[in-house]
Number of protein chains: 4
Amino acid sequence: MAGKGRARAEQARTQMYRELVLGSAERVFAERGYHASKMQEVATEAGISLGTLYSVFPGKGDVFEALHETRGEAFLARIESALHEASPVRVALWHAVRAFVEFLVEHPDYFRVDLREGRSWAVGDVEASPAFQKGIAQWTDLIARGIDEEVFRDDDPLVLATTVFGLMQVQLAALVVKGDERDPGRIARRVASSVERQVCRLEVLAETPPWEAEVA
Amino acid sequence: MAGKGRARAEQARTQMYRELVLGSAERVFAERGYHASKMQEVATEAGISLGTLYSVFPGKGDVFEALHETRGEAFLARIESALHEASPVRVALWHAVRAFVEFLVEHPDYFRVDLREGRSWAVGDVEASPAFQKGIAQWTDLIARGIDEEVFRDDDPLVLATTVFGLMQVQLAALVVKGDERDPGRIARRVASSVERQVCRLEVLAETPPWEAEVA
Amino acid sequence: MAGKGRARAEQARTQMYRELVLGSAERVFAERGYHASKMQEVATEAGISLGTLYSVFPGKGDVFEALHETRGEAFLARIESALHEASPVRVALWHAVRAFVEFLVEHPDYFRVDLREGRSWAVGDVEASPAFQKGIAQWTDLIARGIDEEVFRDDDPLVLATTVFGLMQVQLAALVVKGDERDPGRIARRVASSVERQVCRLEVLAETPPWEAEVA
Amino acid sequence: MAGKGRARAEQARTQMYRELVLGSAERVFAERGYHASKMQEVATEAGISLGTLYSVFPGKGDVFEALHETRGEAFLARIESALHEASPVRVALWHAVRAFVEFLVEHPDYFRVDLREGRSWAVGDVEASPAFQKGIAQWTDLIARGIDEEVFRDDDPLVLATTVFGLMQVQLAALVVKGDERDPGRIARRVASSVERQVCRLEVLAETPPWEAEVA
DNA sequence: GATGAATGAGCCTTCATTCAT
DNA sequence: GATGAATGAAGGCTCATTCAT
């Protein structure tokens with residue numbers, strides 16, 4: 001039946017437009033912030049019409065949500081895969097931090113959108129996206145394992161994960177914007193160093209960190 | 001001339017209203033965010049009419065700015081006075097962190113407003129409020145002193161200060177909202193502990209922290 | 001009975017305030033125009049409070065109307081008395097024009113208010129003030145007499161009166177603002193000359209005008 | 001490239017709407033006056049929505065200005081072309097007056113808008129539109145020429161032009177509204193007659209006026 | 001399906017008017 | 001009676017959303 005091919009083609013086109021729009025929205029929201037951005041700008045930046053934009057997203061808020069959903073999903077997946085490679089929890093942490101840093105360095109507009117929202121997610125406000133929730137859960141699991149293995153200090157894993165999440169964001173922003181660090185590798189090591197200080201037991205901190213062990 | 005008393009009375013009334021409005025705006029902005037808040041809501045929450053609201057603030061943006069200005073000023077002053085009491089840098093840091101935590105615990109709505117807007121963070125294109133600039137300067141000085149005295153680890157003081165500032169905010173939010181910590185004293189100690197991990201040299205971390213020394 | 005004195009005192013006070021307000025309104029309306037003028041400005045210029053202003057006038061529109069009523073009344077009276085003195089119609093016209101010019105030169109603010117608003121003119125749907133109606137009637141009578149006596153040209157007296165009225169206003173404005181004529185006597189003579197050209201028969205125009213006859 | 005046609009189409013549509021709105025604004029402003037007119041009324045009268053109205057004019061004031069600009073321009077052009085045809089200054093004056101009258105008889109709403117503003121232009125108030133300034137300049141030139149050729153009486157050309165301008169407005173209003181003259185030809189002759197009386201030397205007035213010469 | 005012109009609900013702000021002191 | 005602080009109705013303008021082409 002021809003309907004199937006038709007349907008698939010439509011699916012594909014819709015998907016294509018959604019991605020086009022998300023890329024555009026990312027840039028526009030990063031530049032002006034969500035509220036100051038107009039749908040017309042998003043459409044123009046995407047190179048499509050308002051009507052097409054509305055044919056793939058029901059409203060402005062949905063574009064914003066989808067942006068977080070999509071980028072968040074990719075973000076999560078990236079970190080997830082980083083976690084799967086490694087076994088010792090300290091190495092896993094290092095890989096996760098590196099993945100975190102690399103992703104945001106590669107997606108500076110998304111990072112700016114994130115920063116603009118402030119730390120609303122930290123207080124569990126309604127607007128906090130599911131992706132954030134899942135991200136926090138991911139880190140919570142990792143940290144719980146570290147505590148269990150007596151590598152990380154004994155504290156509430158959720159609080160620690162939330163703290164680490166914010167710490168990475170803030171420090172990344174500080175390094176990139178305030179400082180003049182540009183090399184992703186060095187940024188990742190500095191952020192990882194900060195994170196380790198936050199979570200590792202003191203005696204673990206004295207040992208050679210994973211990123212130096214790697215080089216060796 | 002009677003005009004003087006009259007002028008003073010008006011001054012006082014205006015001041016009273018401004019504070020009333022700031023308190024109301026703080027709650028409304030905390031609840032719905034700046035853009036979703038309507039001036040009518042702010043007025044109603046303050047228990048006054050729109051006209052009266054506009055008689056003490058020229059516009060919506062000015063209310064927001066004044067809120068940051070006023071609370072930021074008080075915030076700075078509180079920390080400043082904490083810094084002036086103490087001499088050893090580690091004690092000074094402890095006092096500053098405690099003042100930071102106490103202020104935000106006492107002003108939870110302002111804290112939420114702060115968390116909501118990315119203004120305080122280093123987004124670059126977003127104009128951070130003057131109060132925030134001064135606040136960062138304050139912490140940068142303290143940290144530079146700590147580095148100089150070889151108590152804190154050797155790093156860019158501005159990056160460190162920005163990081164610490166964000167770390168405190170995030171962890172405070174995490175402790176209060178995610179966790180169930182309510183006692184300001186314990187919160188302050190936990191935040192201070194995190195901050196010390198971030199800035200102190202490892203050998204310093206091994207020593208008894210100021211808050212335990214205080215108790216003894 | 002004491003009530004009578006009381007009532008008379010109140011009457012007097014009200015009257016006093018009304019005049020105070022009209023003087024103030026005249027200046028304010030002249031400066032900014034009716035719509036751009038605020039009641040607060042009128043009150044302040046009058047040196048009284050808003051409440052007092054509203055105790056003697058029901059609303060903004062009433063102040064405007066009363067201004068036209070009052071000044072118009074005085075204006076009419078001035079011209080009326082000028083008309084009563086003289087007998088030959090050409091002399092009467094001259095006296096009336098002189099009175100017209102003198103009044104407006106003495107009340108420049110009222111003149112500006114008059115010029116600003118099209119009320120005085122025959123717009124049809126705009127309610128011309130009763131005072132203006134009476135003024136036009138006055139001039140219409142004078143002109144009808146002139147036509148009757150075969151001194152003025154034979155035309156519709158109402159149209160001629162309206163035209164003359166407007167002509168005087170416009171030329172007065174032109175002489176004072178565009179030109180640099182300041183002397184009321186010369187202004188009056190030039191305006192009268194224009195008016196005569198408008199209404200007198202050509203053969204009458206050739207005769208010595210009343211203002212020169214006066215001097216002689 | 002197709003963009004060109006697109007741009008031209010948009011240009012045309014915008015132009016069409018601007019004229020639609022100006023026509024509507026003309027009627028609404030004539031009826032209620034500028035300040036009492038609401039943008040919604042102007043839009044409704046034009047048969048479009050508020051949004052569309054604002055898509056072709058930035059604000060209320062701009063509609064008013066554009067109205068004066070556009071009509072004023074046409075007005076000026078009409079008179080200019082009348083002036084260019086004729087050589088003897090008295091004939092030129094007659095043609096200009098006729099053009100003046102015809103234009104306003106054809107655009108009664110614009111005339112009413114004009115009348116509503118009063119004679120502000122006569123006192124050189126800031127609000128006086130550039131079109132008025134140009135119009136006055138036009139008449140001033142004509143009158144200066146007449147004085148030069150010793151057809152018009154020797155007086156300040158600017159004062160005379162201003163007077164004539166006002167005289168025409170006022171008399172036209174008187175004839176149309178107060179009187180019951182409807183025939184543009186007769187109105188023009190009566191206005192021209194008044195104007196000639198205002199500007200021509202007496203000996204010239206005795207000669208056959210241009211409009212009678214024309215008929216012959 | 002794609003377009004973007006058209007719509008109009010909704011928000012910020014002003015100022016005539018009221019009324020408690 | 002005088003005051004002027006307080007009120008809130010009304011209007012200019014924006015922009016998310018719709019729908020005719």
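Residue numbers begin at 1 in each chain, while the letters A, B, ... track the order of the sequences.
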Problem - Contact check, side chains of C:E41 and C:E31, non-hydrogen atoms, under 4.5 Å - result: no
Practice task
Starting from the 5' end of DNA chain E, give me the residue, A:L50 or D:L50, whose nearest nucleotide shows up first.
Solution key: A:L50
Exercise for the section: Tell me, please, the opening and closing nucleotides of DNA chain E, 5' to 3', among those with an atom under 4.0 angstrom from a non-hydrogen atom of chain A. Expected result: E:dG1 to E:dA5
Fill in the blank from the handout: What residues 11-20 of chain A contributes to the DNA chain F interface at heavy-atom separation below 4.0 Å is none
Completion exercise
Within residues 54-66 of chain D, the residues having a heavy atom closer than 4.0 Å to DNA chain E are none
Problem - Sub-4.5 Å side-chain heavy-atom contact between D:V21 and D:T52 - result: no
Handout entry: Position toward the 5' end of DNA chain E (nearest nucleotide), A:S49 or C:Y34
Key = A:S49
Exercise for the section: Could you check whether the rings of C:F64 and C:Y34 sit parallel, tilted or perpendicular, using 30° and 60° as the cut-offs? Expected result: tilted
Handout entry: Within residues 41-48 of chain D: residues closer than 4.0 Å to DNA chain E (heavy atoms)
Key = D:I48
Exercise for the section: Tell which nucleotide pairs with F:dT7, taking only Watson-Crick or G-U wobble pairs whose two distances are both under 3.5 angstrom. Expected result: E:dA16
Problem - Closest contact, heavy atoms only, B:T70 versus B:L22 - result: OG1-CD1, 3.4 Å
Exercise for the section: Any salt bridge (charged side-chain N to carboxylate O under 4.0 Å, His left out) involving residues 42-62 of chain D? Give me the pairs, sequence neighbours left out, ordered by first then second residue. Expected result: D:R27-D:E45
Fill in the blank from the handout: In Watson-Crick or G-U wobble terms, with both distances under 3.5 Å, the base opposite F:dC13 is E:dG10
Problem - Side chain proximity check, D:V42 to D:F29, heavy atoms < 4.5 angstrom - result: yes
Distance-only criterion, 3.5 Å: show the donor-acceptor pairs between side-chain atoms of residues 10-18 of chain A and protein atoms not counting sequence neighbours.
residue: A:T14; atom: OG1; partner: A:E10; partner atom: O; Å: 3.0
residue: A:Q15; atom: NE2; partner: A:E19; partner atom: OE2; Å: 3.0
residue: A:R18; atom: NH1; partner: A:V56; partner atom: O; Å: 3.1

